[in-house]
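The first residue in the sequence is number 1, and the count goes up from there. Predicted model, so just to flag it, every value in this text is computed and none were measured.
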Amino acid sequence: MTNQRKIILSLAALLIAFLGVTLFVDIGVVKWFNCSSPFAPSQDKASDVCKELKNAP
């Protein structure tokens, strides 16, 4: 395997890892902001979506 191919594969792996971590963090932030934060409206906190998310990991 040439050095150029190793570099391309490692950059692709880093990009996939970065996107995965970013997606995981974004979902957690959105879930907190909409369901748990002090800024969330009471109707959002009581919504069916937030009730389901409380049971999710």
Side-chain angles (χ1 to χ4, degrees):
M1 193 183 292
T2 64
N3 284 341
Q4 185 179 13
R5 187 170 179 157
K6 286 180 186 178
I7 291 170
I8 291 171
L9 288 176
S10 64
L11 288 175
L14 284 172
L15 180 64
I16 290 170
F18 175 76
L19 290 174
V21 168
T22 304
L23 180 64
F24 182 76
V25 169
D26 281 345
I27 289 172
V29 168
V30 169
K31 185 168 91 171
W32 176 82
F33 191 76
N34 287 331
C35 297
S36 303
S37 77
F39 309 111
S42 59
Q43 66 266 22
D44 285 351
K45 290 180 182 180
S47 71
D48 291 336
V49 173
C50 288
K51 289 177 186 174
E52 290 293 324
L53 289 174
K54 286 181 184 177
N55 298 332

inquiry  = What's the separation between atom CG in L14 and atom CG in L9, rounded to the nearest 0.5 Å?
reply    =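 Nearest 0.5 Å value for the CG-CG distance: 11.0 Å.
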Who are the side chain to side chain contact (heavy atoms under 4.5 Å, CB included) partners of [X], not counting sequence neighbours?
X   : answer
V21 : V25
Q4  : T2, I8
S42 : none

query = Closest approach of A40 and C35, non-hydrogen atoms and distance?
reply = CB-N, 4.4 Å
